Amino acid sequence: MEKDEALRQIKNEVVALSVSPLYAERVKHKYFPVIGEGNHNAEVMFIGEAPGENEAKTGRPFCGRAGKVLDMLLEFVGIARKDVYVTNIVKDRPPANRDPSPEEIEIYAPFLDRQIEIIKPKAVATLGRFSMVYVMNHYGLEWEVGPISVLHGQIFQTSNFKLIPLYHPAAAIYNQHLLDTLKEDFKILKTLI
Ligand code: URA
């Protein structure tokens, strides 16, 4: 199956995913699931946590305030957003931006795994703790899992891609120090492509 077709198939399955506890919220608020967006041949794939309100209203990942920070960081290192692929582990919005539950992660993560397998990025950049822990546990780095304050900006090799855990851009909205750290880590990410 072609990449576009395989990704479209994932979209169709997530749209129909009524077993998710977040599906009722989607229907109630007329939200969209947020599947992912970008280049299907991207060398870098960014993985966030779950859609916020702006994302659920539009169906586009990282299009709100955290997305503005992400855009700024990409521009800072000269990577075009159209060249990367951006997605989340959880594809529907948890109410009131609460953390995704382990059950929700378990329901949606197989779609993320398939997206990684189809796109085959050289580098995966996780944004925040949830996606970092999931990707490390799932791709053979379970012994390396630790606090994001220690692991951010480090490069880990999996059998398929290089992983670089990054802080979540939302954490840098009111924190200049974290923003500076993210800028340094984006320079490291740039060396992977
Ligand atoms: N935060 C996330 O983790 N993902 C988004 O798409 C938006 C905000």
Side-chain angles (χ1 to χ4, degrees), residues 7 10-11 14-15 17 20-23 25-26 29-40 42 44-75 79-116 119 121 123-138 147-149 151-153 163-175 178-179 181-183 185-186 189:
L7 289 166
I10 291 175
K11 179 178 177 175
V14 176
V15 167
L17 193 72
S20 168
L22 301 176
Y23 182 80
E25 291 286 315
R26 189 206 291 175
H29 296 283
K30 297 198 167 67
Y31 285 155
F32 294 102
V34 178
I35 316 296
E37 177 180 275
N39 191 322
H40 295 178
V44 187
M45 185 161 170
F46 289 92
I47 305 171
E49 181 177 314
E53 189 175 18
N54 287 301
E55 288 77 20
K57 281 183 170 164
T58 58
R60 299 189 50 224
F62 284 92
C63 66
R65 283 201 306 170
K68 294 247 165 359
V69 177
L70 176 62
D71 290 347
M72 186 275 279
L73 290 162
L74 286 169
E75 200 180 332
I79 301 175
R81 180 149 168 171
K82 69 168 177 45
D83 291 340
V84 304
Y85 193 84
V86 183
T87 188
N88 291 296
I89 314 189
V90 168
K91 314 294 193 195
D92 280 296
R93 182 186 184 220
N97 291 346
R98 67 155 168 73
D99 289 344
S101 69
E103 182 199 357
E104 287 157 5
I105 291 178
E106 201 180 310
I107 289 174
Y108 291 94
F111 298 107
L112 173 67
D113 294 332
R114 282 163 61 193
Q115 288 172 310
I116 294 174
I119 293 169
V124 166
T126 51
L127 301 171
R129 192 164 52 89
F130 284 93
S131 52
M132 176 188 85
V133 170
Y134 174 76
V135 171
M136 293 187 86
N137 277 329
H138 201 74
I148 194 165
S149 57
L151 301 183
H152 75 85
L163 165 69
I164 177 165
L166 301 173
Y167 279 114
H168 196 291
I173 291 174
Y174 295 114
N175 186 330
L178 267 190
L179 188 59
T181 303
L182 267 166
K183 283 181 169 173
D185 289 351
F186 265 68
L189 166 65

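Computed from a predicted model, the values in this text were never measured in an experiment. The chain is numbered in sequence order, starting from 1. Indexing begins at 1, ligand by ligand and atom by atom, following the structure's order.
Looking only at distances, a side-chain donor or acceptor of Glu55 sits under 3.5 Å from a matching main-chain atom of Cys63. Asn88 places a side-chain N or O within donor-acceptor distance of the main-chain N or O of Glu49, the cut-off being under 3.5 Å.
The side-chain hydrogen bond (donor to acceptor under 3.5 Å, both in side chains) check on Glu25 picks up His29, with sequence neighbours excluded.
The environment of CZ in Arg26 is crowded: more than 12 heavy-atom neighbours from other residues, nucleotides or ligands sit within 6.0 Å.
Atom 7 (C) of ligand 1 has its nearest heavy-atom neighbour, among Arg93, Glu55, Glu37, in Glu55.
No N or O atom of Pro61 sits closer than 3.5 Å to an N or O atom of ligand 1. Residue Phe62 places at least one N or O, backbone or side chain, under 3.5 Å from an N or O of ligand 1.
Nearest non-hydrogen protein atom to atom 4 (N) of ligand 1 is Asn88 OD1, 2.7 Å.
Note on ligand 1: Ala50 sits in its first shell, one or more heavy atoms being nearer than 4.0 Å.
Listed by number with element, the atoms of ligand 1 under 4.0 angstrom from any heavy atom of His168 are 1 (N), 2 (C), 3 (O).
Between Phe130 and Ile105, the shortest heavy-atom contact is CD2-CD1, 3.8 Å.
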